[in-house]
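Inspection log for the structure reproduced underneath, given as structure tokens.
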Amino acid sequence: QVQLVESGGGLVQAGGSLRLSCAASGSILSIGAVGWYRQAPGKQRELVAASTNGGTTTYADNVKGRFTISRDNAKNTIYLQMDSLKPEDTAVYYCRASRLQAWTSRDYWGQGTQVTVSS
């Protein structure tokens with residue numbers, strides 16, 4: 001079993017930056033896809049960024065140019081660098097990992113980390 005733990009969230013002023021980390025532990029095999037989602041109260045969980053080992057990277061339109069997803073396979077860690085933060089970025093951010101290069105029903109999820117951007 002794999003566990004994902006997010007960290008790096010917090011309170012930041014509009015225009016500031018944060019870097020989220022997602023560390024994996026447990027019985028870890030090759031990971032084919034990783035991603036970050038976010039969910040604000042009363043809103044649907046949405047994909048923020050995703051990346052596959054095949055080189056495909058996807059960003060939501062409203063974060064493109066501001067957020068960057070990356071990973072360190074040696075450290076079993078996923079990162080989300082967030083720059084030029086806006087109040088509308090406020091949400092709980094979750095990491096996701098799949099053993100395949102596509103999402104599956106057996107993917108691993110973290111418990112989330114709160115990001116709050118003040119205006």
Side-chain angles (χ1 to χ4, degrees):
Q1 185 174 345
V2 174
Q3 295 181 354
L4 304 178
V5 180
E6 298 97 335
S7 62
L11 176 64
V12 65
Q13 192 175 34
S17 298
L18 286 173
R19 188 180 73 163
L20 306 183
S21 299
C22 175
S25 62
S27 182
I28 302 174
L29 302 176
S30 297
I31 299 298
V34 297
W36 287 92
Y37 289 72
R38 67 185 182 187
Q39 186 169 26
K43 295 185 178 180
Q44 185 179 6
R45 184 174 296 188
E46 63 176 351
L47 176 68
V48 176
S51 179
T52 70
N53 287 346
T56 300
T57 303
T58 301
Y59 293 94
D61 287 341
N62 55 2
V63 308
K64 190 174 299 182
R66 300 188 297 120
F67 291 10
T68 304
I69 186 172
S70 62
R71 55 188 167 185
D72 187 333
N73 291 332
K75 296 181 178 180
N76 295 318
T77 301
I78 309 164
Y79 302 98
L80 183 68
Q81 178 67 43
M82 305 185 295
D83 298 320
S84 302
L85 283 163
K86 304 175 181 179
E88 50 263 44
D89 295 319
T90 296
V92 177
Y93 284 71
Y94 302 88
C95 61
R96 183 181 190 177
S98 171
R99 297 193 187 278
L100 305 179
Q101 296 193 45
W103 302 133
T104 79
S105 62
R106 300 177 65 86
D107 291 351
Y108 304 101
W109 289 86
Q111 298 223 42
T113 184
Q114 176 72 48
V115 172
T116 303
V117 184
S118 62
S119 60

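Just so it is clear, the values below take in all heavy atoms, side chains as well, and ignore hydrogens, waters and symmetry mates. These numbers were taken from a predicted model, which means no experiment stands behind them.
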Measure from the side-chain N and O atoms of [X] to the backbone N and O of [Y], and report whether any donor-acceptor pair falls under 3.5 Å.
{"X": "Thr90", "Y": "Val117", "answer": "yes"}
{"X": "Tyr94", "Y": "Glu6", "answer": "no"}
{"X": "Asn53", "Y": "Ile31", "answer": "yes"}

Do [X] and [Y] share a hydrophobic cluster (ILVMFWY, side-chain heavy atoms under 4.5 Å, transitive)?
{"X": "Leu47", "Y": "Leu80", "answer": "no"}
{"X": "Ile69", "Y": "Tyr79", "answer": "no"}
{"X": "Tyr59", "Y": "Ile78", "answer": "yes"}
{"X": "Val63", "Y": "Leu18", "answer": "yes"}

| query | Are side-chain heavy atoms of Val48 and Met82 found at a separation under 4.5 Å? | reply |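 Result no, sub-4.5 Å side-chain heavy-atom pair not found.
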| message | Could you tell me if the side chain of Val2 sits less than 4.5 Å from the side chain of Arg99, heavy atoms only? | response |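 Yes, their side chains come closer than 4.5 Å.
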Looking only at heavy atoms, what is the nearest atom pair of [X] and [Y], with distance?
{"X": "Gln13", "Y": "Ser118", "answer": "CA-OG, 3.5 Å"}
{"X": "Ala102", "Y": "Ser98", "answer": "O-OG, 2.6 Å"}
{"X": "Ser51", "Y": "Thr57", "answer": "OG-OG1, 3.8 Å"}
{"X": "Leu20", "Y": "Gly9", "answer": "CD2-N, 3.6 Å"}
{"X": "Ala14", "Y": "Pro87", "answer": "CB-CD, 4.1 Å"}
{"X": "Asp83", "Y": "Ser17", "answer": "OD1-OG, 2.8 Å"}

Rounded to the nearest 0.5 Å, what separates atom [atom1] in [X] from atom [atom2] in [Y]?
{"X": "Arg45", "Y": "Arg38", "atom1": "CZ", "atom2": "CZ", "result": "13.0 Å"}
{"X": "Ser21", "Y": "Gln81", "atom1": "OG", "atom2": "CD", "result": "9.5 Å"}
{"X": "Leu85", "Y": "Phe67", "atom1": "CG", "atom2": "CZ", "result": "5.0 Å"}
{"X": "Cys95", "Y": "Arg71", "atom1": "SG", "atom2": "CZ", "result": "13.0 Å"}

| message | A quick test of your reading: do over 12 heavy atoms of other residues, nucleotides or ligands sit less than 6.0 Å from CD of Gln111? | response | no
| request: Step through the shown structure and confirm whether more than 12 heavy atoms of other residues, nucleotides or ligands are within 6.0 Å of CD on Gln114. | output: yes
| said: Is there a side chain to side chain contact (heavy atoms under 4.5 Å, CB included) between Tyr108 and Val34? Walk through the geometry before answering. | reply: CA-CA 10 Å; Tyr108 304 101; Val34 297; over 6 Å; no
| request: Decide, yes or no, whether a salt bridge links Asp89 with Lys86 under the criterion of side-chain N to carboxylate O below 4.0 Å. | output: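 Between Lys86 and Asp89 there is no salt bridge, as every charged N stays at least 4.0 Å from the carboxylate O atoms.
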